[in-house]
Amino acid sequence: MTALVLPGADDTAPERTGRLRRELRAVHALVHRDLLRLACQRVPTALMLLHPVLYLFILGGGLAALIPTASLGVGYRTYLFPGMLMMTVQTPAIMVGIRLITDRQSGYLRELLMAPVGRTTLLLGGCAGGTLVATVQGAVLLALAGTVGLPYDPVLLAMLLGGMALASFALTALSLALAVGLRSPETFHTLLGLVMMPLLFLSGGFFPLTSLPGWAQALAAANPLAYGVDVLRRSIALRVPDGAAAGSVEWAGRQPPLLLEAGLLLALGILALLWAARRFGRPE
Amino acid sequence: MKLHARDHEPARTAAAAPRTGPDDAGLAISTRGLVKSYRGPDGTTTDAVRGLDLDVRRGETFAFLGPNGAGKSTTIAMLCALARPTSGRATVAGADVLAEPERVRRRVGLLFQHSALDPDLTAEQNLRVHARLYGLRRAEVRRRTAEVLDLADLSDRRRSLVRTLSGGMRRRLEIARQLLHSPGVLFLDEPTTGLDPHARARVWEHLHTLRDRHGSTLFVTTHYLDEAEHCDRLAIIDRGRLVAQGTPRGVRAEIGDDRVVLRTGDDAEARRVLGPLVPPDRSVAVDTDGLWLRLPDGSAWIPRLCAALEVHGIAVHSASATPPTLDDVFFHHTGRSLAGPERTGGGR
C-alpha cells in the first residue's frame, strides 16, 4: 500500500492536474452529491413531485368545468400545465438555498471551503446541481403532458425541458443569492413563505395576468416565475395548433418576444450568481 | 582558510532557510512571529495569536495544548490557509501560507473540531464526493476510497448511511476523509472531544498507526493532558503565546522538580528534621496527606530523607516521588491550571 500521508508531498497527484480541470472536478463533486441525495431520498422526492400533480388534478379538475375554454384559449388543465411545471422545478431550486444554510450550520460548508478550489467554483457546483435536479424532476412531470391534451412531440418536449432548465437555473441562483447572506434556515423559510405566494399567483400559472388590476400586472412583469411560465406557455403555442393561451406578461400592452424572455431569465440567473459569488467570496 | 569556511557556513544556511534550505527539509511546519488580530465592531483589536514560533518535524505527532480560547483553532486556521495571518510567516508542507494558500490547502488535511459528514449519504459516497472535490481522477477516487476505508477499519460499513454509524466510527470516517488526497500534514482539532473513553482510545490507536506505518505528520490540538503525553513533541499555548515547546519529557524536565510525599509517624517533627537537609529554595509543606517536598530527581532523594528520619526515630509509613505532569508545567508557566476546577490541590 502506498503511503497514505506523503512525507514530502512534493508532487501529489492532484497537483499535476491543471487548474481548470480541478475546478471542474469540484463542480462535478457537488453535482454528484446532489444526484446521490436525489437517488437516496426517494420518498421526499416523490412527495415533492406529488404536490404539483395534486394541483393539476384537483384544482385543475375543479375549475375546468367552471372556466370556459373561450376565455383562456385552451382548456383549464392545459392552461395550468406550465404553471404546474414551474411549481415542480421551483421546490428543488429553492432547496439549494436551504441546503447552503443547513450546510453552514452543520459544518459541512466549512469542509467544502477547505477544498483547494475557488469559492465561486463551489457556488457554481451548487447551482449546477440544483438546476440539474430541478430539471430532472420537471422532466418526470412532463410525462403527464398527454393527460392535459398535449401531444408527445419531441420538439415540444425539448422546448419545455429547455424552458424548465432555464427557469431552474434562474431560481437556483436567486435562492443561493438569498441564502448566502442568511445564517438561519428559519429566516429563509419565513422569507420564502412571505414571497412565494405572491410570486406564484402573479406568475400567470393559475389565471391570466391580463385579468389582474394594473398595479398587479406591473408586479407580475417583474416576477421571474411569470417569465418562466410564459416561456413554457408560448413554447406550447408554437408547437400546438390552437394552443395559444391568453394573458401573459405584457410590457405596455405588448408581449415581449419569446427569446427575449428566455434571455431575461438567463441574465437574471447569471446576475444573481455573480452577486452571490461576490458575497460568498469574501474571506471571513 | 578553514576558519573562513566555518564563518560562512551558518550565514548561508540562515539565508536559505525561509525557502528550501537544508533546515527546511526536515520540517513539516515552520512559523516565525505568527500573529492574528481581529478587529472588533467597536474598533478595538483583539490579538488571538501573538507571535508564534513553531517547528514541527516531518513524521512526528505534535500536540498543541492549551485551554479553550488560547488561540489553538486560530493557529490551525492560519496554518491551513483558511485565515490570513496579520503578520509573521508560516510554511506548511513546503508551501507558504500567504503566497500559496491553495497549494497549502491541497497539501494538508484538516479535521475540524465539529466535523460534518453528509448524514444522508453512505460512508463510501461521502468519501467519493470529497475525493472528487479535491480533484482526484476517477480511478484514484475508487482506489483511495477503498484504501482509507480499509485503514479506518470501516470497509464492512462502507454502504451504511452515515447517520447509522456510531460517534467513534464517524470520527474515524472523518479522519479517513482527510487522508484521501494524501496530505503532507494532517491537522486534527480536538479529534476526541465528545467521544467516550473507548472510542477515544480507538481514535488514538488509529492515529498512532498513521504515524508508525505511514510516517504521517500529525498536528493535534487537545486539552486532554494524557493525550498530549502520547505525542512525540508538544507545544503549550496560553493567551496566544507559546509558553513551552519540546518533548513531553523535556518540558517536564524544564520545571525539573518531582513531587515527593512522605507519610510519617510525626509529620511536624519530620518537617523540622528535613528542613535543613533540602536545598534552601525548596519548600517543605505539611497537610493531612503527609509531608510535601518539591525536589529535582525526587526518587533519588527518598533514601536520604528516610535515613535522616530514621536517625531521629521517626517512622516512615510511605514515600513516593511523582514526576511533574503537563498540568504542573502549565501551572509553572502561567500560574493557572489547565485542567480547570477539576484539579484539586491536595489530591494530586
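Both backbone and side-chain heavy atoms feed into the values below; hydrogens, waters and symmetry mates do not. Being a predicted model, the structure only gives us computed values, none of them experimental. Chain naming here is simple, since letters A, B, ... match the order of the sequence lines and numbering starts at 1 in each.
No side-chain donor-acceptor contact under 3.5 Å links B:R132 to the backbone of A:H32.
The number of heavy atoms from other shown groups lying within 6.0 Å of NE2 (B:H114) does not exceed 12. Taking a 6.0 Å sphere around CE of B:M169, one finds it holds more than 12 heavy atoms contributed by other residues, nucleotides or ligands.
With values rounded to the nearest 0.5 angstrom, A:R22 atom CZ is found 4.0 Å from B:R106 atom CZ. Between atom CZ of residue B:R128 and atom CG of residue A:L36 there is a gap of 9.5 Å, rounded to the nearest 0.5 Å. The CZ atom of B:F112 sits 4.5 Å away from the CZ atom of A:R110 when rounded to the nearest 0.5 Å. Remark: B:D120 CG to A:R33 CZ distance equals 8.5 Å, nearest 0.5 Å. In this structure, CD in B:Q125 is found 6.0 Å from SG in A:C40, a value given to the nearest 0.5 Å.
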Chi angles and distances behind the side chain to side chain contact (heavy atoms under 4.5 Å, CB included) call for B:R137, A:R25 | CA-CA 8 Å; B:R137 284 193 302 269; A:R25 281 178 185 167; 3.2 Å; yes
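For B:L117, the part lying near chain A is the backbone, with the side chain staying farther off; criterion is any non-hydrogen pair under 4.5 Å. With a 4.5 angstrom heavy-atom cutoff, A:L122 touches chain B only via side-chain atoms. Only the side chain of B:R138 comes within contact range of chain A, judged by heavy atoms closer than 4.5 Å. Heavy atoms of B:D118 lying under 4.5 Å from chain A belong to its backbone as well as its side chain.
Annotation: maximal heavy-atom pairing with chain A below 4.5 Å, among B:V141, B:V108, B:V129, occurs at B:V129. Chain B forms more heavy-atom pairs under 4.5 Å with one residue of A:E23, A:R37, A:M114, A:H28 than with any other, namely A:M114.
Between B:A116 and A:G107, the closest heavy-atom pair is CB-C, 3.6 Å. Shortest non-hydrogen contact noted between A:A115 and B:L133 is CB-CG, 3.7 Å.
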